[in-house]
Amino acid sequence: MLKVIKDLYSYRELIQALAWKNIVVRYKQAYLGLLWAVIKPVMLMLIFTLVKSFVGIETGDIPYPILTFAALLPWIFFQESTSEGINSVTSNAALIKKIYFPREVFPLTAMVTKLVELVISFFILAMLMVYYDMMPTVYAFWVPVIILYTMIVALTISLFGAAMNVYYRDIGQALPVLLSLVMYASPVIYPLSLVHKKLIVEQAAGSWSDTFYTLYTLNPLAGIIDSFQRTMLKGMAPDFESLLPGFILIITLLPISYIFFKRAENWFADVI
Amino acid sequence: MAIIEVNNLTKEYKLGHLIGLRQNTMNVLKRLTGRPIHQRETFKALDNLNFSIDEGEVVGIIGHNGAGKSTLLKHLADISKPSSGHVKVNGSVAPLIEVGAGVNPELTGRENIFLNGAILGIPNKIIKSKLDEIIEFSELEQFIDTPVKRYSSGMTVKLGFSIATSMDADILIIDEVLAVGDLAFQRKCFDRMERLIKHQGKTVLIVSHNIRQIVRMCSRVIMLNQGSVEEDGDPNTVCDRFYAYSNDKIEAEKQKTLGQISSDSDICELVDIQQVAGEGDTHEIISGQELKVKVRLKINKTIRKPEIVIGTHTTDFVYLTGDSTSQNLTLDELQPGRYEFTCTWPSYPLRAGVYCFRVVVFNEIRGMLLSGEGLAMFKVLPALQEAHKPGLRLLDLPVNWAFETQSPDT
């Protein structure tokens with residue numbers, strides 16, 4: 001495990017250069033440049049706020065626009081880095097056929113690329129916080145840890161997905177669609193506190209309620225989004241109860257996904 | 001010490017398209033129930049290769065298309081994994097397999113230098129220190145801040161080559177990259193390669209179809225044929241064998257479709273062309289000996305003042321000779337009928353190889369009535385046993401050597 005990280009550390013310049021290339025290539029001929037990176041969360045925030053004014057979602061004392069924007073930040077980061085990660089190997093076919101370096105560099109590069117875009121979105125979040133007169137507390141120091149965890153979750157899916165995508169291009173098509181469905185199973189539009197209230201406090205599903213709640217939090221994004229909102233906006237520590245099921249799932253899947261990728265890697269150049 | 005060791009290296013590829021999910025599930029089901037499954041045919045690109053390369057050797061790898069040269073390089077560069085056997089490389093490898101693989105069209109030349117440097121594993125610091133040298137070598141000072149997509153193809157390759165050769169690795173792998181840019185730039189690349197080889201003592205592997213280049217640069221040549229090592233050793237010996245193989249192959253193919261004849265009219269037809277043998281096999285002469293050929297023509301309409309040209313050319317259509325009847329044969333008129341022309345060269349001084357005949361017939365106003373090339377094949381055998389085998393010449397002219405000692409030291 002340590003050796004893997006050490007090896008990857010020696011390729012940091014390559015990851016840097018490739019991520020920088022991705023960003024430069026994407027925004028070079030665009031007048032608005034990197035601003036495009038924040039268009040998506042801002043638009044979604046506006047739409048959700050509009051919808052919310054019709055259907056009414058309990059959000060507690062945090063204004064809805066900033067609450068949903070704080071949910072969209074980690075969500076979009078996760079969704080885009082995963083989709084990008086899955087396609088990262090096939091879209092670099094030319095390099096794979098010519099030069100050897102550990103192939104996990106490609107999914108990792110996808111994460112790093114999206115990380116830069118995430119940083120831009122943070123400026124918008126900061127502006128919203130100023131507007132709603134919110135001060136970050138000391139708990140905001142949790143945020144880097146949460147982002148790192150989000151990257152690990154995205155990496156777990158993209159390592160497996162990227163390797164499969166080399167053999168079956170269906171994966172690259174299907175996963176982004178699946179991911180956009182997962183958004184509804186994650187507390188993006190509604191807060192996790194609402195789910196918690198329905199299932200744990202009101203026991204809405206009868207005796208199954210506790211099991212359902214565990215199943216819901218098996219989605220690592222549930223804990224991630226909730227913790228992000230708590231540490232950033234509410235000035236509270238992360239809720240480890242909601243993080244735990246997803247964390248156990250990811251810690252089990254990550255080694256499997258990595259080993260699968262490393263095995264498939266041997267034939268990338270022949271099959272791609 | 002061996003820097004590269006290859007033991008029993010075999011690479012198999014499956015032929016045909018990747019099987020789909022349905023076929024895959026069917027195969028699993030069939031395997032479970034013990035029924036025979038549909039197996040795709042396999043193709044051995046590399047077949048049990050064994051060799052080792054010592055530090056500082058410059059090895060050329062030659063062979064026909066599909067002999068497995070590039071596949072071999074891919075295994076040495078760790079891009080492909082062998083089906084069985086081992087490849088052991090004790091050192092860092094700079095892959096030049098197709099220069100410019102990592103060049104991104106959207107980025108400028110300068111940005112591409114940094115990106116490609118990172119891809120080739122050159123530390124950022126070294127790239128920075130070498131930046132000026134790279135730009136100067138690429139001759140692109142003026143365009144270095146322009147996106148590569150606006151470059152001409154030659155400029156792109158120049159950039160790629162400049163970056164790739166600035167890498168500091170133990171082993172350089174070169175796949176047909178010396179044929180880049182214009183002649184002046186090719187010369188520069190060649191010089192740089194020679195400097196790398198001769199002065200820095202690097203181990204170099206070169207794949208090229210340019211045999212002359214291989215003979216000049218390499219200290220050892222490996223010839224591959226259908227995935228196995230056919231010859232391995234001294235460049236001259238191996239390259240001569242390769243020439244022989246190539247000529248045999250061309251000859252075998254030519255025998256099937258002998259020559260192309262084009263004629264605009266049916267005034268004149270080529271009946272037959274035949275080399276008149278000196279001795280033994282009709283298709284062979286020894287370099288410098290007499291060459292004689294008979295051409296039979298059928299004339300259907302009277303041709304006034306015809307001119308017939310009989311010439312020879314190499315298998316890749318370099319015209320060597322072309323001798324016209326106007327030189328010493330007076331032809332006023334050819335009535336309809338059959339004619340036979342014999343052309344004799346008292347001495348045919350070309351170096352050993354395979355050559356072909358061509359025939360052209362003109363009329364009075366130099367209109368072409370018939371033209372054909374590659375009509376018959378003949379082989380020239382080497383005249384004498386030399387220490388330094390031919391290959392670096394085209395002609396075998398008569399020569400007289402003289403020798404005298406001018407001032408003895410003792």
Side-chain angles (χ1 to χ4, degrees), chain A residues 7-30 33 88-103 105-106 108-109 112-113 163-171 173-174 261-272, chain B residues 11-14 17-22 24 43 45 70-71 73-83 89 92-108 111-127 147-149 160 164 167 169 173 175:
Chain A
D7 277 359
L8 286 177
Y9 182 71
S10 62
Y11 281 96
R12 67 194 181 283
E13 276 191 357
L14 176 60
I15 295 175
Q16 255 174 38
L18 286 173
W20 165 81
K21 176 209 84 177
N22 282 348
I23 292 167
V24 170
V25 166
R26 185 164 309 154
Y27 299 113
K28 197 162 208 187
Q29 272 198 1
S88 60
V89 172
T90 38
S91 58
N92 282 297
L95 276 184
I96 284 182
K97 285 182 160 182
K98 303 286 148 59
I99 296 160
Y100 179 77
F101 42 78
R103 305 308 190 197
V105 160
F106 293 116
L108 268 172
T109 303
V112 176
T113 311
M164 282 295 281
N165 194 36
V166 172
Y167 294 86
Y168 302 105
R169 294 291 146 92
D170 315 56
I171 307 296
Q173 303 283 343
F261 185 87
K262 288 309 268 184
R263 288 216 168 168
E265 181 194 81
N266 289 344
W267 314 110
F268 279 0
D270 298 336
V271 177
I272 207 160
Chain B
K11 178 71 176 179
E12 278 183 346
Y13 287 110
K14 290 200 167 110
H17 199 264
L18 269 184
I19 48 176
L21 206 57
R22 194 174 65 96
N24 235 346
F43 169 75
S70 294
T71 314
L73 290 195
K74 275 189 179 173
H75 282 83
L76 297 180
D78 206 18
I79 294 165
S80 283
K81 296 281 187 297
S83 305
V89 179
S92 57
V93 180
L96 283 190
I97 298 179
E98 279 175 57
V99 167
V103 172
N104 190 298
E106 297 290 336
L107 301 178
T108 67
E111 289 167 337
N112 263 304
I113 293 177
F114 283 101
L115 175 65
N116 272 271
I119 288 171
L120 290 172
I122 315 175
N124 216 332
K125 263 188 256 160
I126 294 183
I127 291 270
V148 169
K149 59 180 171 185
M167 186 182 170
I173 292 181
D175 191 357

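Here the structure is a predicted model, which means the values were calculated and not measured. Here is the naming used below: chain letters follow the sequence lines, and residue numbers restart at 1 for every chain.
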In terms of heavy-atom pairs under 4.5 Å, which option from B:Ala118, B:Pro105, B:Gly117 contacts chain A the most?
->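 Among B:Ala118, B:Pro105, B:Gly117, the one with the most close pairs to chain A is B:Ala118.
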Closest contact, heavy atoms only, A:Lys97 versus B:Lys74 =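 For A:Lys97 and B:Lys74, the tightest heavy-atom pair comes out as O-CE, 3.6 Å.
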Smallest separation among heavy atoms of B:Leu107 and A:Trp20, with atom names |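 Here B:Leu107 and A:Trp20 meet closest at CD1-CZ3, 4.4 Å.
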Would you indicate whether the side-chain heavy atoms of B:Glu106 and A:Val24 approach each other to under 4.5 Å?
->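 Contact flag for A:Val24/B:Glu106 side chains = no.
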Measure distances from [X] to the heavy atoms of chain A and classify the residue's part below 4.5 Å as side chain, backbone, both or neither.
X        : result
B:Thr71  : neither
B:Asn104 : side chain
B:Ile122 : backbone
B:Pro123 : both

Among B:Asn112, B:Ile119, B:Leu115, which residue meets the side-chain contact (heavy atoms from CB on, under 4.5 Å) test with A:Lys21?
->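 Only match with A:Lys21 under side-chain contact (heavy atoms from CB on, under 4.5 Å): B:Leu115.
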For residues 265-272 of chain A, please give each side-chain donor-acceptor pair under 3.5 Å, one per line with the distance, not counting sequence neighbours.
from: A:Glu265; atom 1: OE2; to: A:Arg103; atom 2: N; distance (Å): 3.1
from: A:Glu265; atom 1: OE2; to: A:Lys262; atom 2: NZ; distance (Å): 3.0
from: A:Asp270; atom 1: OD1; to: B:Ser80; atom 2: OG; distance (Å): 3.0
from: A:Asp270; atom 1: OD2; to: B:Lys11; atom 2: NZ; distance (Å): 2.5

In terms of heavy-atom proximity below 4.5 Å to chain B, should A:Ile15 be classed as side chain, backbone, both, or neither?
->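 No part of it gets close to chain B.
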